[in-house]
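Heads up: the structure comes next, in structure tokens.
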There are 2 protein chains.
Amino acid sequence: MRKPTIQDVARHAGVGVGTVSRVLNNHVAVKGATRETVLKAIADLEYTPNPHARRIAGGKSYTISVLLPVLTTEFYVRLLDGLESAFQEARYDVAIFPLLDRSRLERYLGSHTLAYQADGLVMATYNLTQMFHERRLRTQQPTVLVDAYSDAVDSSFMDNVSGGRLAGEYAVSLPGQLYAVWVETELDHLFTTRVFEDRRSGFLTAVQSAGRTVHREFTSSFDSLAARNTAATLLDDAQAAGLPCTVFASADMLAGALLDEVRLRSLKIGQDVRVIGFDDQPWAAERELTTLHQPVESMGYEAAQLLLSRLNGYKGPPRARRFEPRLIVRGSA
Amino acid sequence: MRKPTIQDVARHAGVGVGTVSRVLNNHVAVKGATRETVLKAIADLEYTPNPHARRIAGGKSYTISVLLPVLTTEFYVRLLDGLESAFQEARYDVAIFPLLDRSRLERYLGSHTLAYQADGLVMATYNLTQMFHERRLRTQQPTVLVDAYSDAVDSSFMDNVSGGRLAGEYAVSLPGQLYAVWVETELDHLFTTRVFEDRRSGFLTAVQSAGRTVHREFTSSFDSLAARNTAATLLDDAQAAGLPCTVFASADMLAGALLDEVRLRSLKIGQDVRVIGFDDQPWAAERELTTLHQPVESMGYEAAQLLLSRLNGYKGPPRARRFEPRLIVRGSA
DNA sequence: TTGTACGCGTTATCAA
DNA sequence: TTGATAACGCGTACAA
């Protein structure tokens, strides 16, 4: 049997196709009763609109491209949840583009591909808008940054400076020397992010305001081996300098490595060594990790709203939506 | 200025729209001269066909969904190169779906989304067809497996048994004890792959045929920290048992960790410890790693061809395209 | 070998 | 508030 069309629904409901379309798109000018009739007909026939027909009739693609780093972090799953729920409400499809390599990115956005057809772009973590200015990308769609900030386009992001500050303020209230571990910014100047610099500057500010200093800082790449090595080096230093100590690990992954290493050395977490993470990964609760929780879904949802308003014609200057992290105190600190 | 349509091209070339369409779709019945005229008009106007209009007129989506594990390996970049080049020739768009989590997969394929609309599915590495049988996914599109095998659907894959055998045959020709490191198969029975079992069975077969035995086997998760730990444990054992030894590391990443650890212990690579990897990652050449090279692009290209033939109506039984790895001998063994 | 005309399933417009 | 109908841009019979 053929897939039902809007015509079938209209006939079944005894109305015109225009009315069905209006119901589908939540137009105001539909009487409650007829709306019900139409909705019932849609359910009866198990009708689903043909997206391609919409796209050609509407002159839009009703598609948003989301450019994502290739990382299996819970973070991006949650971010997508927020983005997708907002776009779904507005009947937009979401196409995900993993940022596998630079040449692929240029190819994707350069020509007649799906991403190019998209009505809007969401860029997560990396601010790729500089490529636009370099004229390497010709894309002109409305763009929103999420988990990143720029004064050139709309953005929705966590206040990482504030997160660092919260960590710092809490850290100085604890006894012992202060340590910090940062994540190395990526080498390619294109795929770069400022979140770790921000966390650092917030943390240092708080520490200085309290008249304290950070005993030693470390930098590690975002990699479990590097994290483990860094944790070992840090603890060597701390044990030599004398415990207790408090470590701000600017990502839960780094904090996890520290927890491992502390256990390995039979030291007491939350006593000899206090650890503050960042992210509140799903495992953070069971490992009793004190960390900063980010409202990731909200951040995604809001980013989507910013983009949707542009698609609906909003022309104002770039807007920034700043979200605040929350310190979750658990056993590790 | 408005985006040019097929009408504009026809007018500019002084032909009918039908002719332009035929040129676009490589139909045979077009005279060489008129084809040239049309092509020139297309170039002059910088015309690009509207994919949505095609989709509705043709009744197909001209889109292929590729389901990929979220791994930044060179492997998947190359695989996509092969897939995309084939699909592009046939004027199909490719949508990438990162396998972020299980629920997202179900959502993607479950209803009115982009993936569902696709004319065909490519599944890389993981064989998700069992979900279809469990009726968790209702998708009925033609499907092809790449880097995985199943007798239920078309597949294009490397002969990992043969790769293991090649490694084994070479390994037994070298002096010293034999070691092997395997990659732990994932826990979730859904996201699982047989490639490492296959490499193992091929390797063991070759070793046994030569009347030799593997001194000790290790298993590591696909993670640089675990790889490093495994490398250390292995070398402890090997140094105690007496060098030289030969190690088959079933993935270059594992081999790389071994190389690091060997250097750390001031042992001689290719002399005290011989290492054979698998994958031929870009860095393998400069690190002088003996490894197995996979024709990844070809594998992707062929997978695409298998799927395209189904889309063009081919109804035969599932076909398997087997590719052979090639041993690249370098300094490490 | 080529041009014309119709149909695909929507949205948008306009008159009722 | 609604229904009829004209686009939207392309593929494809069918006729020439």
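Small disclaimer: the values here were computed from a predicted structure and weren't measured. Labels below follow one simple rule: chain letters A, B, ... track the order of the sequence lines, proteins then strands, and each chain is numbered from 1.
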Any pair counted as salt bridge (Lys or Arg N to Asp or Glu O under 4.0 Å), so long as it reaches residues 32-43 of chain B, sequence neighbours left out: Lys40(B)-Asp44(B)
Side-chain N,O (Thr34(B)) to OP1/OP2 (dT2(C)) below 4.0 Å: yes
Nearest-angstrom distance from the residue atom CZ of Arg11(A) to P of dT10(C): 12 Å
Minimum heavy-atom distance between Pro318(A) and Ala152(A), given as atom pair plus value: CG-O, 3.5 Å
SB check Asp93(A) Arg55(A) (cutoff 4.0 Å): yes
Nucleotide dG9(C), atom P - distance to NZ of Lys60(B) in whole Å: 16 Å
Per-nucleotide protein contact string for nucleotides 11-16 of chain D, where B marks a base within reach and S marks sugar-phosphate only (heavy atoms under 4.0 Å, - for neither): BBB---
Phosphate OP1/OP2 of dC8(C): any Thr5(A) side-chain N/O under 4.0 Å: no
Sugar-phosphate, base or nothing in reach of Gly14(B), heavy atoms under 4.0 Å: sugar-phosphate
Spacing of Leu45(B) atom CG relative to dG9(D) atom C1', expressed in whole Å: 15 Å
Residue closer to the 5' end of DNA chain C, Lys31(B) versus Ile56(B) (nearest nucleotide): Lys31(B)
Gln7(B) CD to dT4(C) P, straight-line distance once rounded to whole Å: 11 Å
Carboxylate-amine/guanidinium proximity below 4.0 Å for Asp159(B) and Arg322(B): yes
Lys/Arg-Asp/Glu bridge criterion (N-O < 4.0 Å) met for Asp8(B), Arg11(B): yes
Heavy-atom pair of closest approach, residues Ala303(A) and Leu83(A): CB-CD2, 4.1 Å
